[in-house]
Amino acid sequence: MPRLFPRCQHQGCRRGRDHPDPLQGNSHTMMRHPIASLVETALQAAAAANELNTSPFPAVIIGTPASPEHGDFSCNIAMQLAKAERKAPRQVAEIVIRHMGNGNGLLAKTEIAGPGFINFFISAEAWHSALLEIEAQGDAFGRTSAGKDAKVQVEFVSANPTGPLHIGHGRGAAIGDSICRILTATGWDVTREFYYNDAGQQIANLALSVQARCLGIGPDDPRWPADGYQGEYIKDVAESYLSRETVHADDQHVTALGDSHDLDAIRRFAVACLRHEQDLDLKAFDVHFDVFTLESSLYSEGRVDDVVRLLGENGHTYEQDGALWLRTSAFGDDKDRVMRKSGGGYTYFVPDIAYHLAKWERGFTRVINEQGSDHHSTVTRVRAGLQALDRGIPKGWPEYVLHQMVTVMRGGEEVKISKRAGSYVTLRDLIDEVGRDATRFFFIMRKPDSQLVFDIDLAKQQSPDNPVYYVQYAHARICSIFENAAEKGFTAPERPRADGIAALRAPEEMQLIKLLAALPDTVDESALHFEPHRLTNYLSELAGCFHSFYGKHRVITEDPDLTGARLYLLKRTAQTVKNALSILGISAPERM
RNA sequence: GCGCCCGUAGCUCAGCUGGAUAGAGCAACGGCCUUCUAAGCCGUAGGCCAUAGGUUCGAAUCCUAUCGGGCGCGCCA
């Protein structure tokens with residue numbers, strides 16, 4: 001979603017404004033960063049020797065070649081410099097290499113290839129020592145310090161309390177929660193927030209619907225409210241209300257008055273009831289929030305009035321047709337928007353602006369809103385309103401992650417999701433049917449930008465076709481190998497002798513090691529782009545790599561050194577799979 | 001009509017802030033269990049990266065049009 005994220009001024013940095021550079025000061029990135037340093041040092045040395053004259057040098061980007069013949073990593077700096085240096089790219093590459101060391105044995109070989117790539121071949125010793133580093137980092141392996149403990153707030157789900165959470169909310173919950181976990185894993189100080197509307201027209205409809213049910217009026221009755229909520233759950237709320245139950249939601253308790261004529265009491269009770277249900281859904285999904293903000297609080301604290309006054313003082317509002325308008329078109333919107341309706345009352349986006357101003361005043365210079373793309377129009381409006389406040393809030397603040405629609409398939413047919421009709425697939429139904437792990441995995445396995453087909457049959461299937469089982473099975477299979485090894489007298493984890501690890505030479509072993517070492521980079525990239533699917537893809541690839549190794553080599557052999565080395569490698573593999581799953585809130589079963 | 005997202009193998013999707021011969025899984029076809037979990041592995045086949053221009057050393061990736069699909073376009077949220 002390029003338009004939503006203004007480009008950063010920093011070289012080599014894609015995300016907006018002032019924030020820690022994900023590759024700066026990151027000691028956990030195993031290979032990429034040391035290589036970048038080698039290249040940078042070489043460039044400086046070449047400049048000092050007057051062999052290169054470009055100043056400043058562009059950011060050094062270390063890529064990963066598609067083909068193994070091209071090494072483990074590559075750098076395109078020579079091609080970037082060629083024009084300015086007025087030299088052939090390969091000639092520039094030659095100069096760079098001449099001034100570059102081998103990084104204390106990190107590099108086995110450096111080549112110039114193709115149009116001017118510098119290809120790096122990491123030494124086997126360096127890969128082997130990466131395993132030791134992975135062991136040393138333990139549960140922390142995969143975590144990085146890219147965020148430098150800076151504050152970030154993530155708002156997600158934010159469903160209105162008018163019904164149970166549905167599939168769309170589920171995707172939002174899974175993506176939002178995963179983003180929070182990934183940001184935490186990359187060293188950010190994350191606050192998770194849920195905002196809900198407990199004041200608008202939809203809530204009035206909810207109250208009227210519950211009241212109607214209290215009075216024994218159903219949807220077929222002519223007295224049924226025009227935009228009433230017809231779901232069965234409304235009947236349950238009404239019954240609870242009439243029997244004067246007490247519900248707990250967020251940090252409040254609400255006891256029903258049981259009076260069918262007190263609409264306000266019905267509203268408060270219904271909101272608490274449905275919020276309570278949503279909390280249970282989220283709990284079943286293992287999704288938790290730090291802060292709940294109620295729309296009504298923005299009114300009661302005077303924040304909405306403050307915002308309206310500020311916008312007026314700044315000269316961005318005007319009266320027309322009996323309504324108060326905000327000149328959002330002056331800030332990139334298609335047209336101006338009504339703030340106060342001619343019949344009184346503010347439109348939803350006014351408290352939205354107040355809410356975001358409050359976020360800003362709470363000190364969050366970085367805020368991410370995860371929501372369905374059907375609410376895309378709020379992005380421009382909220383940002384326009386914040387600009388009109390003239391409070392020094394950056395133009396691209398807050399950032400947005402918008403996820404596309406979910407289609408649910410069962411038995412090869414689309415399951416229609418309709419609040420009106422009975423075929424209403426809730427998040428809870430889905431979790432109950434396919435399980436929490438599979439639900440989470442499936443919701444995040446595609447890029448948020450892409451529409452998602454959720455195949456219930458596949459998600460339930462215990463077969464390699466099902467990516468979540470495929471990944472979890474890799475972990476369970478390794479655990480099983482260790483049980484077997486223990487029976488045969490090998491203690492796990494078997495740390496190989498100092499030179500024992502060098503027994504790992506087979507292509508499948510080396511490939512596995514390289515993939516393990518890539519986890520920190522993958523986590524960083526995932527955080528940078530707000531794309532959890534990069535981690536599920538990584539996990540699928542890692543699991544495949546392990547299964548492939550398993551198919552070709554025996555772990556427990558006659559050779560104790562080789563057995564020890566392989567057990568050690570598999571211990572790191574299991575650890576890496578578990579750590580990556582853990583970052584996504586998915587379990588790593590030891591037995592399946 | 002306007003805005004946003006998407007368009008890559010028959011299907012579902014990756015493709016790492018522009019890089020080297022475009023990848024995976026499923027489906028299809030052919031192999032592999034007296035041996036650490038077959039919930040697995042190996043192989044074959046499958047492509048004008050929607051189309052047309054442009055930017056440059058280089059484009060699936062960036063820009064502009066066009067076509068196709070989704071979402072939004074309210075004094076609802």
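Order of the sequence lines fixes the chain letters, A, B, ..., with proteins taken first and strands second; residue numbering starts at 1 for each chain.
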Student: Answer yes or no for this row: A:Phe117 ring on B:A20 base, centroids under 5.5 Å, planes under 30°.
Tutor: yes

Student: Could you measure between the two C1' atoms, the one in B:C63 and the one in B:G70, and give it in whole Å?
Tutor: 24 Å

Student: Can you sort out the partners of A:Ser296 under side-chain hydrogen bond (donor to acceptor under 3.5 Å, both in side chains), two or more places apart, ordered by chain and number?
Tutor: A:Asp198

Student: Using a 4.0 Å heavy-atom cut-off across all strands, classify A:Ala476 as base, sugar-phosphate, or nothing.
Tutor: base

Student: Answer with base, sugar-phosphate or nothing: what part of the nucleic acid does A:Asn205 contact at a heavy-atom distance below 4.0 Å?
Tutor: nothing

Student: Using side-chain hydrogen bond (donor to acceptor under 3.5 Å, both in side chains) as the criterion, list what pairs up with A:Tyr299, not counting sequence neighbours.
Tutor: none

Student: Could you check whether A:Tyr400 and A:His376 have their ring centres less than 6.0 Å apart?
Tutor: no

Student: What interatomic distance, in whole Å, is found between C1' of B:C32 and the corresponding atom of B:C11?
Tutor: 27 Å

Student: Provide, to the nearest angstrom, the distance between the NE2 atom belonging to A:His403 and the P atom belonging to B:G70.
Tutor: 18 Å

Student: Counting only heavy atoms not in A:Glu508, do more than 12 fall under 6.0 Å of its CD?
Tutor: yes

Student: Which ranges of RNA chain B pair up as stems, where a stem means three or more consecutive Watson-Crick or G-U pairs with both distances under 3.5 Å?
Tutor: B:1-7 with B:67-73, B:10-13 with B:23-26, B:28-32 with B:40-44, B:50-54 with B:62-66

Student: Do A:Pro532 and A:Ile179 come within less than 4.5 Å of each other through their side chains, counting heavy atoms only?
Tutor: yes

Student: Would you indicate what A:His547 reaches in the nucleic acid, counting non-hydrogen atoms under 4.0 angstrom: base, sugar-phosphate, or nothing?
Tutor: sugar-phosphate

Student: side-chain hydrogen bond (donor to acceptor under 3.5 Å, both in side chains): which pairs involve residues 109-122 of chain A, sequence neighbours left out?
Tutor: A:Lys109-A:Glu111

Student: What does A:Ser540 touch in the nucleic acid at a heavy-atom separation under 4.0 angstrom: a base, only the sugar-phosphate, or nothing?
Tutor: nothing

Student: If you restrict it to nitrogen or oxygen atoms, what contacts under 3.5 Å exist between nucleotides 32-36 of chain B and the protein, and what is each distance?
Tutor:
| unit_1 | atom_1 | unit_2 | atom_2 | d |
| --- | --- | --- | --- | --- |
| B:U35 | O2' | A:Arg554 | NH1 | 3.3 |
| B:U35 | O2' | A:Arg554 | NH2 | 3.2 |
| B:C36 | O4' | A:Arg554 | NH2 | 3.4 |
| B:C36 | O2 | A:Ile556 | N | 3.3 |
| B:C36 | N3 | A:Val555 | N | 3.0 |
| B:C36 | N4 | A:Tyr550 | O | 3.3 |
| B:C36 | N4 | A:His553 | O | 2.5 |

Student: Do the non-hydrogen side-chain atoms of A:Thr347 and A:Arg337 ever get within less than 4.5 Å of each other?
Tutor: no

Student: Indicate yes or no: at least one non-hydrogen side-chain atom of A:Phe442 is less than 4.5 angstrom from one of A:Asp437.
Tutor: no

Student: Quick one: A:Phe546 CZ to B:A39 P, roughly how many Å, whole number?
Tutor: 14 Å

Student: Taking the C1' atom in each of B:A14 and B:G23, what is the distance between them to the nearest angstrom?
Tutor: 7 Å

Student: Kindly indicate, with the supporting measurements, whether the criterion side-chain hydrogen bond (donor to acceptor under 3.5 Å, both in side chains) is fulfilled by A:His33 and A:Asp521.
Tutor: CA-CA 10 Å; A:His33 199 61; A:Asp521 276 351; over 6 Å; no

Student: Could you run down the sub-3.5 Å N/O contacts of the protein with nucleotides 10-13 of chain B?
Tutor:
| unit_1 | atom_1 | unit_2 | atom_2 | d |
| --- | --- | --- | --- | --- |
| B:U12 | O2' | A:Arg446 | NH2 | 3.0 |
| B:C13 | OP1 | A:Gln451 | O | 3.1 |
| B:C13 | O2' | A:Arg446 | NH1 | 2.7 |

Student: Okay, side chain of A:Arg566, backbone of A:Arg554: is any donor-acceptor separation there less than 3.5 Å?
Tutor: yes

Student: Flag the pair A:Leu584 / A:Arg440 as yes when at least one side-chain heavy-atom distance between them is below 4.5 Å, and no otherwise.
Tutor: no

Student: Taking ring pair (Phe, Tyr, Trp, His ring centres under 6.0 Å) as the definition, give me every residue that meets it alongside A:Phe292, ordered by chain and number, with sequence neighbours left out.
Tutor: A:Phe194, A:Phe289

Student: Carefully, step by step, assess A:His403 and A:Phe443 under the rule ring-ring contact (aromatic ring centres under 6.0 Å, His included).
Tutor: CA-CA 10 Å; A:His403 65 261; A:Phe443 271 139; 8.7 Å; no

Student: Nearest-Å distance, CD (A:Glu508) to C1' (B:C42)?
Tutor: 11 Å

Student: Applying side-chain hydrogen bond (donor to acceptor under 3.5 Å, both in side chains), can you list everything that pairs with A:Arg436, at least two apart in sequence or on another chain?
Tutor: none

Student: Take atom CD1 of A:Ile444 and atom P of B:A14, then tell me their distance rounded to the nearest Å.
Tutor: 13 Å

Student: In this structure, how many angstroms lie between the C1' atom of B:C16 and the CG atom of A:Asp524, rounded?
Tutor: 12 Å

Student: In whole Å, what is the span from the OH atom of A:Tyr470 to the P atom of B:A14?
Tutor: 19 Å

Student: Please report the distance, rounded to the nearest Å, between CD in A:Glu525 and P in B:A14.
Tutor: 16 Å

Student: Taking the same atom, P, in B:G18 and in B:A59, what whole-Å distance lies between them?
Tutor: 14 Å

Student: Starting from the 5' end of RNA chain B, give me the residue, A:Asn119 or A:Thr380, whose nearest nucleotide shows up first.
Tutor: A:Thr380

Student: Mind calculating the distance between CD1 (A:Ile61) and P (B:G18) to the nearest angstrom?
Tutor: 7 Å

Student: More than 12 non-hydrogen atoms from neighbouring residues, nucleotides or ligands closer than 6.0 Å to CD on A:Glu413, yes or no?
Tutor: no

Student: Run the side-chain hydrogen bond (donor to acceptor under 3.5 Å, both in side chains) test against A:Gln201 and tell me which residues pass, sequence neighbours left out.
Tutor: A:Asn205

Student: Looking at B:G19, I'd like to know if its phosphate oxygens (OP1 or OP2) sit under 4.0 Å from a side-chain N or O belonging to A:His70.
Tutor: no

Student: Starting at the 5' end of nucleotides 54-59 of chain B, put B wherever the base has a protein heavy atom under 4.0 Å, S where only the sugar-phosphate does, and a dash everywhere else.
Tutor: ---S--

Student: Considering only the C1' atoms, how many Å lie between B:A45 and B:A27, rounded to the nearest integer?
Tutor: 12 Å

Student: In whole Å, what separates the C1' atom of B:G46 from that of B:U12?
Tutor: 16 Å

Student: Given the C1' atoms of B:A9 and B:A24, what is the spacing between them in whole Å?
Tutor: 11 Å

Student: Produce a footprint string for nucleotides 71-77 of chain B: one letter per nucleotide, 5' end first; B if the base is under 4.0 Å from any protein heavy atom, S if only the sugar-phosphate is, - if neither.
Tutor: SSSSBBB

Student: Could you pull out the closest heavy-atom pair between A:Ser178 and A:Ile444, with the gap in Å?
Tutor: OG-CG2, 3.6 Å

Student: Any side-chain hydrogen bond (donor to acceptor under 3.5 Å, both in side chains) pairs touching residues 76-92 of chain A, not counting sequence neighbours?
Tutor: A:Thr54-A:Glu85

Student: Nearest to the side chain of A:Met592, heavy atoms from C-beta on, is which of B:C42, B:A39, B:C6?
Tutor: B:A39

Student: Taking the same atom, C1', in B:G58 and in B:U21, what whole-Å distance lies between them?
Tutor: 15 Å

Student: Which heavy atom of A:Gly116 sits nearest a heavy atom of A:Ala93, and at what distance?
Tutor: O-CB, 4.1 Å

Student: When we call it a touch if two heavy atoms are under 4.0 Å apart, what does A:Thr64 touch: a base, just sugar-phosphate, or nothing?
Tutor: base

Student: Mind telling me if B:C49 is syn or anti? Syn here is a glycosidic angle within 90° of 0.
Tutor: anti

